K.L.:
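I have a structure here, written as C-alpha coordinates, and I will follow up with some questions on it.
Computed from a prediction, not measured in an experiment: that's the story for all the values here. Numbering starts at 1 and runs along the sequence shown.
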Amino acid sequence: MKTNFLMRIALFACIAALASCTKDEERVTATDTADVVSESLTDSYFEDVDDMSIVAVESDDSPAGGRVASDDRFCAGILIGEGSTLASGRITIDFGTGCTDPRGNMRKGKIILEYVNGPAGNVGFTVVTTTDGYSINGVTLTGTRTIELLSKSETSVKHEITVENGEALWPDGLTSTRESSFTREIKFDEQAVYLDGSASGTNRRGKSYTMDIDQTLIYKRSCVLSEGIYMAVKGIKSFGSEGRKLTIDYGDGACDRSVTVAIGDASSSISVDN
(Lines give C-alpha, C1' and ligand atoms only; values in the text may rest on other atoms or scores of the structure.)
Protein backbone atom coordinates (compact mmCIF):
# COMPACT_ATOMS: atom_id res chain seq x y z
CA MET A 1 0.00 0.00 0.00
CA LYS A 2 2.78 2.41 0.91
CA THR A 3 4.55 1.60 -2.35
CA ASN A 4 1.41 2.36 -4.35
CA PHE A 5 0.99 5.67 -2.50
CA LEU A 6 4.57 6.71 -3.29
CA MET A 7 4.11 5.71 -6.93
CA ARG A 8 1.00 7.89 -7.15
CA ILE A 9 2.91 10.85 -5.69
CA ALA A 10 5.72 10.33 -8.20
CA LEU A 11 3.19 10.11 -11.04
CA PHE A 12 1.47 13.32 -9.95
CA ALA A 13 4.86 15.07 -9.71
CA CYS A 14 5.75 13.98 -13.25
CA ILE A 15 2.40 15.18 -14.59
CA ALA A 16 2.81 18.54 -12.79
CA ALA A 17 6.34 18.97 -14.17
CA LEU A 18 5.14 18.15 -17.69
CA ALA A 19 2.26 20.59 -17.38
CA SER A 20 4.60 23.31 -16.13
CA CYS A 21 7.02 22.67 -19.00
CA THR A 22 4.17 22.73 -21.54
CA LYS A 23 2.87 25.96 -20.02
CA ASP A 24 6.27 27.64 -20.40
CA GLU A 25 6.50 26.49 -24.01
CA GLU A 26 3.21 28.25 -24.73
CA ARG A 27 4.09 31.62 -23.25
CA VAL A 28 6.79 34.29 -23.35
CA THR A 29 8.59 33.95 -20.02
CA ALA A 30 10.47 36.54 -17.98
CA THR A 31 13.70 34.80 -19.00
CA ASP A 32 12.74 35.12 -22.67
CA THR A 33 12.08 38.82 -22.19
CA ALA A 34 15.43 39.39 -20.45
CA ASP A 35 17.29 37.51 -23.21
CA VAL A 36 15.56 39.47 -25.98
CA VAL A 37 16.26 42.82 -24.30
CA SER A 38 19.92 41.87 -23.80
CA GLU A 39 20.39 40.79 -27.44
CA SER A 40 18.50 43.80 -28.82
CA LEU A 41 20.52 46.28 -26.77
CA THR A 42 23.80 44.59 -27.72
CA ASP A 43 22.75 44.78 -31.37
CA SER A 44 21.75 48.44 -31.12
CA TYR A 45 24.98 49.53 -29.39
CA PHE A 46 27.17 47.73 -31.93
CA GLU A 47 25.04 49.15 -34.78
CA ASP A 48 25.68 52.61 -33.34
CA VAL A 49 29.45 51.99 -33.48
CA ASP A 50 29.16 50.84 -37.11
CA ASP A 51 27.15 53.90 -38.09
CA MET A 52 29.53 56.33 -36.40
CA SER A 53 32.50 54.57 -38.03
CA ILE A 54 31.04 55.02 -41.51
CA VAL A 55 30.07 58.63 -40.82
CA ALA A 56 33.59 59.42 -39.52
CA VAL A 57 35.51 58.04 -42.50
CA GLU A 58 33.12 59.65 -45.00
CA SER A 59 32.93 63.08 -43.40
CA ASP A 60 34.51 66.17 -44.97
CA ASP A 61 36.99 66.23 -42.07
CA SER A 62 38.35 62.80 -43.00
CA PRO A 63 41.25 62.44 -45.45
CA ALA A 64 39.43 59.38 -46.81
CA GLY A 65 36.06 61.02 -47.11
CA GLY A 66 33.71 63.05 -49.20
CA ARG A 67 30.25 62.84 -47.58
CA VAL A 68 29.15 65.74 -45.39
CA ALA A 69 28.19 64.43 -41.94
CA SER A 70 26.21 66.59 -39.54
CA ASP A 71 25.94 64.32 -36.53
CA ASP A 72 25.77 65.52 -32.93
CA ARG A 73 26.75 62.12 -31.51
CA PHE A 74 30.34 63.26 -32.04
CA CYS A 75 30.47 65.36 -28.89
CA ALA A 76 34.25 64.79 -28.75
CA GLY A 77 37.08 65.11 -31.24
CA ILE A 78 37.86 63.19 -34.43
CA LEU A 79 41.64 62.78 -34.58
CA ILE A 80 43.43 62.02 -37.84
CA GLY A 81 46.47 59.76 -37.58
CA GLU A 82 49.81 61.13 -38.77
CA GLY A 83 50.52 60.13 -42.37
CA SER A 84 46.90 59.33 -43.18
CA THR A 85 45.99 59.75 -46.84
CA LEU A 86 43.02 59.20 -49.12
CA ALA A 87 44.15 55.61 -49.60
CA SER A 88 44.86 54.49 -46.04
CA GLY A 89 45.25 55.72 -42.50
CA ARG A 90 43.82 55.94 -39.03
CA ILE A 91 40.99 57.94 -37.49
CA THR A 92 40.29 58.04 -33.76
CA ILE A 93 36.94 59.15 -32.36
CA ASP A 94 37.90 60.23 -28.85
CA PHE A 95 35.14 60.77 -26.29
CA GLY A 96 37.70 61.26 -23.53
CA THR A 97 36.49 60.75 -19.96
CA GLY A 98 32.91 61.14 -21.11
CA CYS A 99 30.54 63.39 -23.00
CA THR A 100 26.80 63.30 -23.40
CA ASP A 101 24.89 63.78 -26.64
CA PRO A 102 21.66 65.84 -26.77
CA ARG A 103 19.57 62.70 -26.10
CA GLY A 104 21.36 61.91 -22.86
CA ASN A 105 23.58 59.07 -24.10
CA MET A 106 26.94 59.07 -22.33
CA ARG A 107 29.96 57.84 -24.33
CA LYS A 108 33.51 57.40 -23.04
CA GLY A 109 36.80 56.18 -24.48
CA LYS A 110 37.92 55.75 -28.06
CA ILE A 111 36.72 54.16 -31.30
CA ILE A 112 39.73 53.48 -33.54
CA LEU A 113 39.34 53.16 -37.31
CA GLU A 114 42.05 51.75 -39.58
CA TYR A 115 41.13 52.11 -43.27
CA VAL A 116 42.66 50.85 -46.55
CA ASN A 117 41.82 50.74 -50.27
CA GLY A 118 40.57 54.33 -50.22
CA PRO A 119 39.24 56.82 -50.93
CA ALA A 120 36.03 56.10 -49.10
CA GLY A 121 33.83 55.77 -52.21
CA ASN A 122 35.87 52.98 -53.78
CA VAL A 123 34.42 49.48 -53.90
CA GLY A 124 36.65 47.45 -51.60
CA PHE A 125 37.25 50.36 -49.21
CA THR A 126 37.68 48.63 -45.84
CA VAL A 127 37.55 49.91 -42.27
CA VAL A 128 38.67 47.82 -39.30
CA THR A 129 37.17 49.16 -36.07
CA THR A 130 38.49 48.46 -32.58
CA THR A 131 37.90 50.21 -29.26
CA ASP A 132 39.98 51.52 -26.37
CA GLY A 133 37.93 51.81 -23.19
CA TYR A 134 34.86 52.71 -25.21
CA SER A 135 31.46 52.56 -23.51
CA ILE A 136 27.95 53.88 -24.06
CA ASN A 137 25.60 54.33 -21.12
CA GLY A 138 27.97 52.29 -18.98
CA VAL A 139 28.14 49.31 -21.39
CA THR A 140 31.74 48.68 -22.49
CA LEU A 141 32.14 47.31 -26.02
CA THR A 142 35.15 45.41 -27.34
CA GLY A 143 35.94 43.32 -30.41
CA THR A 144 37.04 43.74 -34.01
CA ARG A 145 34.57 44.91 -36.65
CA THR A 146 35.41 44.89 -40.33
CA ILE A 147 33.37 47.05 -42.72
CA GLU A 148 33.93 46.60 -46.48
CA LEU A 149 32.24 48.65 -49.20
CA LEU A 150 30.49 46.28 -51.63
CA SER A 151 28.72 48.75 -53.91
CA LYS A 152 27.80 52.41 -54.23
CA SER A 153 25.35 54.37 -56.38
CA GLU A 154 23.64 57.74 -56.30
CA THR A 155 20.86 56.32 -54.17
CA SER A 156 22.55 53.82 -51.85
CA VAL A 157 25.72 52.30 -50.49
CA LYS A 158 26.14 48.71 -49.34
CA HIS A 159 28.69 47.30 -46.87
CA GLU A 160 29.57 43.88 -45.55
CA ILE A 161 30.12 43.94 -41.78
CA THR A 162 31.64 41.17 -39.69
CA VAL A 163 32.26 41.07 -35.94
CA GLU A 164 34.91 38.94 -34.27
CA ASN A 165 35.29 38.54 -30.50
CA GLY A 166 32.55 41.07 -29.82
CA GLU A 167 31.80 41.55 -26.14
CA ALA A 168 29.56 43.83 -24.10
CA LEU A 169 30.40 44.31 -20.42
CA TRP A 170 27.34 45.58 -18.57
CA PRO A 171 27.35 47.85 -15.50
CA ASP A 172 26.29 44.92 -13.28
CA GLY A 173 29.47 43.04 -14.24
CA LEU A 174 27.76 40.51 -16.54
CA THR A 175 28.94 40.04 -20.12
CA SER A 176 27.43 39.04 -23.45
CA THR A 177 29.45 37.99 -26.51
CA ARG A 178 28.75 38.30 -30.22
CA GLU A 179 30.00 37.08 -33.59
CA SER A 180 28.09 38.30 -36.63
CA SER A 181 28.00 38.70 -40.39
CA PHE A 182 25.71 41.28 -42.01
CA THR A 183 25.09 43.17 -45.21
CA ARG A 184 24.18 46.78 -44.44
CA GLU A 185 22.65 49.05 -47.07
CA ILE A 186 22.22 52.78 -46.53
CA LYS A 187 19.44 54.25 -48.68
CA PHE A 188 20.10 57.97 -49.02
CA ASP A 189 16.59 59.02 -50.09
CA GLU A 190 15.06 57.27 -47.07
CA GLN A 191 17.89 58.12 -44.66
CA ALA A 192 17.56 54.53 -43.49
CA VAL A 193 19.77 51.48 -42.96
CA TYR A 194 18.66 48.04 -44.18
CA LEU A 195 20.32 45.10 -42.40
CA ASP A 196 20.37 41.38 -43.23
CA GLY A 197 22.42 38.50 -41.80
CA SER A 198 22.92 36.53 -38.62
CA ALA A 199 24.71 36.53 -35.27
CA SER A 200 25.56 34.17 -32.44
CA GLY A 201 27.15 34.34 -29.02
CA THR A 202 26.29 34.15 -25.34
CA ASN A 203 23.75 36.24 -23.47
CA ARG A 204 24.07 37.87 -20.06
CA ARG A 205 23.10 34.59 -18.40
CA GLY A 206 26.06 32.89 -20.11
CA LYS A 207 23.75 30.86 -22.37
CA SER A 208 24.45 30.39 -26.08
CA TYR A 209 22.11 32.00 -28.59
CA THR A 210 21.63 32.34 -32.34
CA MET A 211 19.95 35.21 -34.18
CA ASP A 212 18.79 35.26 -37.82
CA ILE A 213 17.13 38.15 -39.63
CA ASP A 214 14.00 36.77 -41.30
CA GLN A 215 12.68 40.07 -42.68
CA THR A 216 15.16 42.90 -43.30
CA LEU A 217 15.71 45.09 -40.24
CA ILE A 218 15.31 48.82 -40.91
CA TYR A 219 17.01 51.51 -38.83
CA LYS A 220 16.03 55.15 -39.38
CA ARG A 221 18.62 57.89 -39.03
CA SER A 222 15.88 60.28 -37.94
CA CYS A 223 15.14 58.00 -34.97
CA VAL A 224 18.82 58.00 -34.05
CA LEU A 225 19.28 61.75 -34.27
CA SER A 226 15.93 62.90 -32.86
CA GLU A 227 15.10 60.21 -30.31
CA GLY A 228 18.42 58.48 -29.64
CA ILE A 229 16.98 55.13 -30.76
CA TYR A 230 19.68 52.94 -32.32
CA MET A 231 17.59 49.79 -32.58
CA ALA A 232 15.63 48.65 -35.62
CA VAL A 233 12.14 50.10 -36.04
CA LYS A 234 10.89 47.57 -38.60
CA GLY A 235 11.63 43.95 -39.55
CA ILE A 236 11.56 40.51 -37.97
CA LYS A 237 14.31 38.29 -36.60
CA SER A 238 14.36 34.92 -34.89
CA PHE A 239 16.20 34.25 -31.64
CA GLY A 240 17.07 30.80 -30.32
CA SER A 241 18.47 29.80 -26.94
CA GLU A 242 18.23 26.67 -24.79
CA GLY A 243 15.90 24.97 -27.26
CA ARG A 244 13.42 27.86 -27.40
CA LYS A 245 12.78 29.68 -30.69
CA LEU A 246 11.36 33.20 -30.46
CA THR A 247 10.46 35.73 -33.14
CA ILE A 248 11.05 39.44 -32.54
CA ASP A 249 8.93 41.88 -34.56
CA TYR A 250 10.14 45.50 -34.53
CA GLY A 251 6.85 46.96 -35.73
CA ASP A 252 5.72 49.31 -38.48
CA GLY A 253 8.56 51.83 -38.57
CA ALA A 254 7.60 54.14 -35.71
CA CYS A 255 10.46 55.60 -33.63
CA ASP A 256 9.87 53.64 -30.44
CA ARG A 257 11.53 50.98 -28.32
CA SER A 258 8.64 48.52 -28.46
CA VAL A 259 8.99 45.01 -29.93
CA THR A 260 6.61 42.07 -30.08
CA VAL A 261 8.08 38.76 -28.93
CA ALA A 262 6.29 35.55 -29.92
CA ILE A 263 6.65 31.82 -29.35
CA GLY A 264 4.09 29.57 -30.98
CA ASP A 265 0.70 31.27 -30.71
CA ALA A 266 1.70 33.32 -27.65
CA SER A 267 3.10 36.85 -27.92
CA SER A 268 4.03 39.76 -25.67
CA SER A 269 4.89 43.40 -26.28
CA ILE A 270 8.01 44.59 -24.44
CA SER A 271 10.09 47.77 -24.30
CA VAL A 272 13.84 47.69 -24.94
CA ASP A 273 15.18 50.52 -22.79
CA ASN A 274 18.79 51.69 -22.60
K.L.:
In terms of relative ring orientation, are Trp170 and Tyr45 parallel, tilted or perpendicular, with 30° and 60° separating the classes?
P.N.:
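Trp170 and Tyr45: tilted rings.
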K.L.:
Within a strict 4.5 Å, meaning less than it, do heavy atoms of the Met231 and Val259 side chains meet?
P.N.:
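Met231 reaches Val259 side chain to side chain.
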K.L.:
Regarding Ser40 and Asp43, is there a side-chain donor-to-acceptor distance under 3.5 Å anywhere?
P.N.:
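No donor-acceptor contact under 3.5 Å links the two side chains.
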K.L.:
Under a 3.5 Å cutoff, is there a donor and acceptor pairing between the side chains of Ser156 and Glu185?
P.N.:
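Yes, side-chain donor-acceptor contact under 3.5 Å.
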K.L.:
Identify whether Ile186 and Val55 are in the same connected component of the hydrophobic contact network (ILVMFWY, side-chain heavy atoms under 4.5 Å).
P.N.:
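Same cluster.
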K.L.:
About how many Å separate CG of Asp189 and CD of Glu154, when rounded to the nearest 0.5 Å?
P.N.:
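Rounded to the nearest 0.5 Å, the CD-CG separation comes out at 11.5 Å.
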K.L.:
Could you tell me whether the side chain of Ile213 reaches within less than 4.5 Å of the side chain of Phe182, counting heavy atoms only?
P.N.:
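Sidechains of Ile213 and Phe182: in contact.
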K.L.:
Step by step, work out the side chain to side chain contact (heavy atoms under 4.5 Å, CB included) result for Ile218 and Glu190.
P.N.:
CA-CA 10 Å; Ile218 300 176; Glu190 299 178 27; 5.6 Å; no
K.L.:
Flag the pair Asn203 / Glu39 as yes when at least one side-chain heavy-atom distance between them is below 4.5 Å, and no otherwise.
P.N.:
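No, too far: nothing below the 4.5 Å cut-off.
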K.L.:
Which value, rounded to the nearest 0.5 Å, describes the distance between Asp50 atom CG and Thr146 atom OG1?
P.N.:
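With rounding to 0.5 Å, CG (Asp50) is 10.0 Å from OG1 (Thr146).
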K.L.:
Check Ser84 against Tyr115 and note the closest heavy-atom contact, atom names and distance.
P.N.:
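Residues Ser84 and Tyr115, closest heavy atoms: CB-OH, 3.6 Å.
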K.L.:
Is Ile91 linked to Ile111 within one hydrophobic cluster, defined over Ile, Leu, Val, Met, Phe, Trp and Tyr using a side-chain heavy-atom separation of less than 4.5 Å?
P.N.:
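Same cluster: Ile91 reaches Ile111 through Ile, Leu, Val, Met, Phe, Trp or Tyr contacts under 4.5 Å.
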K.L.:
Nearest heavy-atom pair of Leu217 and Ala232: which atoms, and what distance?
P.N.:
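Looking at all heavy atoms of both residues, the shortest contact is CB-CB, 3.9 Å.
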K.L.:
Taking Asn122 for the side chain and Gly124 for the main chain, is one N or O donor matched with an acceptor at less than 3.5 Å?
P.N.:
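No, Asn122 side chain to Gly124 backbone: no donor-acceptor pair under 3.5 Å.
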K.L.:
Between the side chains of Lys207 and Asp35, is the shortest nitrogen-to-carboxylate-oxygen separation below 4.0 Å, so that they form an ion pair?
P.N.:
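Salt bridge: no.
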K.L.:
Is there a side-chain contact between Lys234 and Tyr194 (heavy atoms, below 4.5 Å)?
P.N.:
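Counting from C-beta outward, Lys234 and Tyr194 never come under 4.5 Å.
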K.L.:
Using a 3.5 Å distance criterion without hydrogens, assess whether the side chain of Thr131 forms a donor-acceptor pair with backbone atoms of Leu141.
P.N.:
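The answer is yes, because a donor-acceptor pair under 3.5 Å joins these two groups.
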K.L.:
Is the backbone N or O of Thr29 less than 3.5 Å from a side-chain atom of Thr33, with the two atoms forming a donor-acceptor pair by type?
P.N.:
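Yes.
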K.L.:
Return the minimal non-hydrogen interatomic distance between Tyr209 and Arg178, and the atom names on each side.
P.N.:
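For Tyr209 versus Arg178, the nearest heavy atoms are OH-NH1, 3.1 Å.
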K.L.:
Please report the closest heavy-atom contact between Val28 and Ala266, naming both atoms and the distance.
P.N.:
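Smallest interatomic distance, heavy atoms only, reads CG2-O, 4.3 Å.
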K.L.:
Treating Glu179 as the side-chain partner and Asn165 as the backbone partner, does any N or O pair qualify as donor plus acceptor under 3.5 Å?
P.N.:
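Yes; at least one donor-acceptor contact below 3.5 Å.
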K.L.:
Out of curiosity, Leu246 CG to Ser267 OG, how far, rounded to the nearest 0.5 Å?
P.N.:
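So the CG of Leu246 and the OG of Ser267 are separated by 11.5 Å.
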K.L.:
Roughly how far apart are Asp51 CG and Arg184 CZ, rounded to 0.5 Å?
P.N.:
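If we round to the nearest 0.5 Å, Asp51:CG and Arg184:CZ are 4.5 Å apart.
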K.L.:
So that I can tick it off, tell me whether Asp32 and Arg244 are bridged by a salt bridge, with the cut-off set at under 4.0 angstrom between side-chain N and carboxylate O.
P.N.:
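Looking at Arg244 and Asp32, the cut-off is met.
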K.L.:
Hydrogens and angles aside, do Asp196 and Thr183 bring a side-chain donor and acceptor to less than 3.5 Å of each other?
P.N.:
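No pair is found: no donor N or O on one side chain lies under 3.5 Å from an acceptor on the other.
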K.L.:
One pair to check against side chain to side chain contact (heavy atoms under 4.5 Å, CB included): Val193 and Glu47. What are the steps and the verdict?
P.N.:
CA-CA 10 Å; Val193 170; Glu47 170 62 26; 3.9 Å; yes
K.L.:
Same hydrophobic cluster for Ile147 and Tyr219, using side-chain heavy-atom links shorter than 4.5 Å among ILVMFWY?
P.N.:
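Yes, Ile147 connects to Tyr219 through the hydrophobic network.
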K.L.:
With no hydrogens and no angle check, do the side chains of Lys237 and Tyr250 hold a donor and an acceptor under 3.5 Å apart?
P.N.:
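Per modelled atom types, Lys237 and Tyr250 side chains form a pair under 3.5 Å.
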K.L.:
Honestly curious: do Met52 and Val163 fall in one hydrophobic cluster under the side-chain, below-4.5 Å linking rule?
P.N.:
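Cluster IDs for Met52 and Val163 differ.
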K.L.:
To the closest 0.5 Å, what do you measure between CD1 (Ile248) and CE (Met211)?
P.N.:
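These two atoms lie 8.0 Å from each other.
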K.L.:
Could you check whether Thr155 and Ser153, counting side-chain N and O atoms only, form a donor-acceptor pair closer than 3.5 Å?
P.N.:
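Checked: Ser153/Thr155 side chains pair up, N/O donor to acceptor below 3.5 Å.
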K.L.:
If we ignore hydrogens and angles and just use 3.5 Å, is the side chain of Thr85 paired with the main-chain N or O of Ser88 as donor and acceptor?
P.N.:
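At least one qualifying donor-acceptor pair exists.
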K.L.:
With no hydrogens and no angle check, is any side-chain donor or acceptor of Thr92 less than 3.5 Å from a backbone partner on Asp94?
P.N.:
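Checked: no pair found.
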K.L.:
Could you check if a side-chain atom of Val49 sits within less than 4.5 angstrom of a side-chain atom of Ser53, using non-hydrogen atoms only?
P.N.:
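Yes; the side chains approach each other to less than 4.5 Å.
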K.L.:
State yes or no: do Val139 and Ile93 share one hydrophobic cluster built from I, L, V, M, F, W and Y residues joined by side-chain heavy-atom distances below 4.5 Å, directly or via other members?
P.N.:
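Looking at the clustering, Ile93 is in the same group as Val139.
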K.L.:
Could you verify whether a donor N or O on one side chain and an acceptor N or O on the other, from Ser269 and Ser258, lie under 3.5 Å apart?
P.N.:
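Present: a donor and an acceptor within the cut-off.
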K.L.:
Under the 3.5 angstrom rule, does the side chain of Gln191 hit a backbone N or O of Phe188 as a donor-acceptor pair?
P.N.:
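Yes: the side chain of Gln191 pairs with the backbone of Phe188.
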K.L.:
If I take atom OG from residue Ser44 and atom CD1 from residue Ile136, how far apart are they, to the nearest 0.5 angstrom?
P.N.:
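If we round to the nearest 0.5 Å, Ser44:OG and Ile136:CD1 are 7.5 Å apart.
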K.L.:
Of all heavy-atom pairs between Val123 and Ser151, which one has the smallest distance, and what is that distance?
P.N.:
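Heavy atoms of Val123 and Ser151 come nearest at CG2-CA, 4.2 Å.
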K.L.:
Which pair of heavy atoms, one from Ala120 and one from Leu149, lies closest together, and at what distance?
P.N.:
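Scanning both residues, the minimum pair turns out to be O-CD2, 3.5 Å.
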K.L.:
Could you tell me whether a side-chain N or O of Asp252 sits under 3.5 Å from a main-chain N or O of Ala254, the two making a donor and an acceptor?
P.N.:
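A pair under 3.5 Å: yes.
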K.L.:
Looking at side-chain heavy atoms only, is the closest gap between Leu41 and Arg204 below 4.5 Å?
P.N.:
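A side-chain contact under 4.5 Å is absent here.
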